[in-house]
Amino acid sequence: MFKIASIIINNSAKEMDREFDYIIPDELEELIRSGMRVIVPFGSSNKYTEGYVMKIKQGTELTHYKLKKIIDVADKDVILTEELIELAYFIKNKYYCTMWDAIQTIVPAGISLKENIYIKLKAPLSIKIPDKYNEILSCIDDKKYVDISVIEKNFNKKLKRSIIFNMEREGIIELKRKMDQKVKEKTLDIYVPLEVEKCNEFIQNPPPRYRKQAEILKQIIDNKDEHTITELCRKYKCTPGVIKGLEGKGLLVKIKKEIYREPVKDEHVYPKVELTLDQKKALTAIIEGYKNGINTFLLHGVTGCGKTEIYLNLVEKFLKHGYGAIVLVPEIALTPQTVERFKGRFGEVVAVLHSRLSNGERFDEWRKIKSGEVKVVVGARSAVFAPVNNLKLIIIDEEHEYSYKSEMTPKYHTREIAEFRIKQNQGLLILGSATPSFESYYNAKSGAYGLVEITRRVDNKNLPEVRIVDMREELKAGNRSIFSVELFDSIKENLNRGHQTILFLNRRGYSTFVSCRACGYVSKCPHCDVSLTYHSSNNKLICHYCGFESKMHQVCPNCESKYIKYFGTGTERIESEIKKYFPNARVLRMDMDTTRKKGEHERIYNEFKNNNADILVGTQMISKGMDFKNVTLVGILAADMILNLPDFRSSERTFQLITQVSGRAGRGDKAGRVIVQTYDPEHYSIIYASKHDYVNFYNREIQIRKMLNHPPFTDILYVLLTSPKEDELIKACMELKDEFRYLYGRKDIEILGPVPNHISKIKNNYRWHIIFKGEIHKYYEIINETASKKLAGTSINFSFDVNPYSMI
DNA sequence: AGCACGCCGACT
DNA sequence: GTCGGCGTGCTC
């Protein structure tokens, strides 16, 4: 009986989402284990394909003539440990994605293997070659293998792979297949003395002209050096010729040494500080609770209460016991400051993972974690999958943050992944926030999580005073500018006092749309259903969804009128208004546009921190994690911008935003002040946020959630359907609705739609959605099957999002 | 998703 | 008789 491996093949297609059985050849039997990556022949052309071994079994139901053999292992070691295989199954079943996609979210990007085919003419040829092959034959010979992709380029896509495979079958050519990986282990060429005896002989008795070489060789041996040629030259102050000379005599040998790429170069020290009484109490409550079997805690602490110190202490405690830990922070809060603290406290055992790493850097951090060299991982969303050995602690800071929900398939939530991993390992999960998500606070209140609250800031500093300004009144009083009188005066005063100010607006660009006063024409993106945003820095109209750019028109493209009006305000406009009214103020702007280049984020952050600017204008990016001691004024320019979106989370988001941005004020020893500009000053989310009253906000909003049956009281399955063909999409949506008819009227599931999306077209793809509310896991199979059958072979694509963060 | 097979119309 | 278009079905 053969040993059989069931394998998940590299293919994201829904139809391919199953395990394939392969024979494990004798020579690989010792080596292959589940979780290992292998190379197998696949399909009629036996294309070299990568796959992951899920299970190893004794036999198979399949008849043996159908089975093929595994060609080779792709790596020396297992990629997916048992723990991570279980996690992959969890992701697949929870977020309704393919197993391949689940695995790809766990492993680092860039390790997937691609087949490269090389081709050579067979010689000697006994058969006559048909004329149709002449063109291909002119590109190859019988001497050496040629890369098939090079030939394909010459043919301009006209060459079909099947022709090549036919030629192979007919015995005209030979093919060689190789698998290549995008990211490779980085190596350096280092020079080492291999034959010590021969070297010693040379050192004892050097010919006079090689005295220098002998001298250096002796030092290399004495110091057990492992250096590159440049390093050796610098160290021993010699020319490369000396080293090359030693190499030429066979005394030094050039070998490849594997190294890690180092994403964080600066070294910091972050000394241990004495915890405050509140922090100590919280820490004790967590440790005691954990000992008593509570695995998840919600740490609800006001902004500025020093949660990071608690995290550091927890990590330290777990490290002492030899356990590993993952600390997650929102992408935008992964400032150098957070990294500094952990690297400064724990040094070499900390790995950092974030979206700005190159694939190579990420791959190396991942290898360090996997090998156990690193025990603490600090990172954004995807770091929750880090293969930490002996993982016992996961901390999610700012757990309510939206960036914890992935936007790509599978649309996982970091918190749910962390919960699963902690359950697997019987570890401890800490969720920290000043404004917990409704899901977490609900769980804490109902006893599913432990709840630890800190209501005071470090050193009893007061929370900033929050003033609400009614912009309707401003308008009535004749103030048409983007600043209310109160905010304007406060900025002025703050400048005079030499304090810093943060102005927050959740929208980049200069103005959200431009319109012609004469005919009302609005410039829209030709590929998306959105208006174009005007950017003054390069005088362009830009689509924020697909990146389409066009030059700003001088006259209306429709009626040629010269009167063009700019509507809606963005951060660029604020920056220019500030410069207009306060010409002496030093202004910095931080948004997607100013931080596109690597290092710009850090640069602006440091400029402002070092008091090289008076005012910082920014989007979301500046709302969290940043600790500026000299900021005493925060202006929120349009607090109700998200309030009016047709989404059940808009109140929660507004509350969180105001609270988080307000938290930037008064972190030093000076009192802070926040001015919130809004057209809806009576809205409860704005009022409670201004009073720093999370609990009462929660109590009010949770009732609405319950009444309308929204999360956390139910689950939502959001099905997005997209197609470049609008009529085909609409027709299919209507027919689907009809097929789901039998689900109507059921108590445990509710169907909404199909309806066109809030943004009905992005990148030339029309968008509709259907929402299922209720016991979605019971109906998923049937929903998926119905949609797959209906939409197979059409231009329509569909994807699932479980409990989406936004339903618009 | 690819790729092969097969059936049909256009053309030497 | 044969080349190539695309509809259909399979991949261990």
Side-chain angles (χ1 to χ4, degrees), chain A residues 1-26 28-29 32 34 36-74 92 97-104 112-117 119 128-136 148-149 152 155-170 173 175 177 179 408-410 722-725 728 784-785 787-799:
Chain A
M1 210 53 173
F2 296 112
K3 274 232 167 141
I4 302 292
S6 60
I7 290 169
I8 290 287
I9 296 295
N10 177 353
N11 198 313
S12 299
K14 290 187 181 92
E15 296 81 5
M16 301 299 309
D17 184 27
R18 55 200 163 96
E19 289 169 14
F20 290 89
D21 287 352
Y22 279 86
I23 294 170
I24 302 175
D26 293 341
L28 293 177
E29 207 189 308
I32 285 182
S34 57
M36 204 158 225
R37 198 157 63 127
V38 291
I39 296 161
V40 293
F42 191 71
S44 48
S45 64
N46 282 328
K47 183 184 158 74
Y48 276 25
T49 311
E50 77 173 315
Y52 285 84
V53 176
M54 290 288 116
K55 295 177 207 93
I56 293 174
K57 43 192 189 180
Q58 280 306 325
T60 169
E61 315 81 64
L62 284 164
T63 44
H64 277 165
Y65 68 86
K66 262 193 152 182
L67 287 171
K68 293 177 185 173
K69 275 186 186 173
I70 293 175
I71 292 167
D72 202 355
V73 292
K92 174 181 165 58
C97 67
T98 63
M99 194 59 176
W100 181 255
D101 285 343
I103 292 172
Q104 289 312 296
S112 89
L113 298 165
K114 232 190 76 202
E115 183 196 42
N116 281 322
I117 303 178
I119 173 173
K128 196 187 164 328
I129 304 170
D131 290 349
K132 60 180 176 180
Y133 295 145
N134 281 347
E135 207 179 340
I136 297 169
I148 191 171
S149 60
E152 276 171 341
F155 272 77
N156 206 7
K157 279 186 184 174
K158 262 167 36 195
L159 178 70
K160 280 195 181 152
R161 286 273 165 111
S162 56
I163 297 173
I164 302 281
F165 298 143
N166 275 337
M167 289 171 79
E168 188 194 21
R169 232 163 293 155
E170 290 165 31
I173 54 165
L175 295 183
R177 294 148 188 268
M179 296 294 272
M408 293 196 306
T409 302
T722 58
S723 166
K725 295 175 188 164
E728 192 181 348
N784 185 34
E785 226 166 82
S788 299
K789 218 178 269 171
K790 178 95 231 152
L791 304 173
T794 68
S795 66
I796 299 159
N797 213 331
F798 68 101
S799 66

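Chain letters run A, B, ... following the sequence lines, proteins first, then strands; residues in each count from 1.
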Q: List the residues meeting side-chain contact (heavy atoms from CB on, under 4.5 Å) with A:K55, not counting sequence neighbours, and say none if there are none.
A: A:S6, A:E19, A:Y89
Q: Identify the 5'-most and 3'-most nucleotides of DNA chain B with at least one atom closer than 4.0 Å to a non-hydrogen atom of chain A.
A: B:dA1 to B:dA4
Q: Considering only heavy atoms, which members of residues 47-57 of chain A lie under 4.0 Å from some atom of DNA chain B?
A: none
Q: Can you find a side-chain donor-acceptor pair between A:N797 and A:T722 that sits under 3.5 Å?
A: no
Q: Suppose we screen for side-chain contact (heavy atoms from CB on, under 4.5 Å). Which residues come up paired with A:E728, at least two apart in sequence or across chains?
A: A:K725, A:T794, A:S795, A:I796
Q: Under 3.5 Å, side chain of A:E50 to main-chain N/O of A:L113, donor-acceptor pair present?
A: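 Indeed, once roles are kept as given, a pair shorter than 3.5 Å links the two residues.
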Q: Only counting residues at least two apart or in another chain, list the ones meeting side-chain contact (heavy atoms from CB on, under 4.5 Å) with A:S44.
A: none
Q: Going by the angle between their ring planes, with limits at 30° and 60°, are A:F42 and A:F20 parallel, tilted or perpendicular?
A: perpendicular
Q: Looking at A:D17 and A:M99, what are the two nearest heavy atoms and their distance?
A: OD1-N, 2.9 Å
Q: Mind checking whether A:K3 and A:Q58 have side chains closer than 4.5 Å, heavy atoms only?
A: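 Yes; the side chains approach each other to less than 4.5 Å.
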Q: I'd like to know if the side chain of A:K14 pairs up with that of A:N784 as donor and acceptor (distance under 3.5 Å, no hydrogens or angles considered).
A: no
Q: Using side-chain heavy atoms (C-beta onward) and a distance below 4.5 Å, is A:I7 in contact with A:I70?
A: yes
Q: Strictly under 3.5 Å: I want the nitrogen or oxygen pairs between protein and nucleotides 8-11 of chain C, one per line.
A:
{"from": "C:dT11", "atom 1": "OP1", "to": "A:K66", "atom 2": "NZ", "distance (Å)": "2.9"}

Q: Rounding to an integer number of Å, can you tell me how far A:D17 CG sits from C:dC12 C1'?
A: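 It works out to 15 Å between those atoms.
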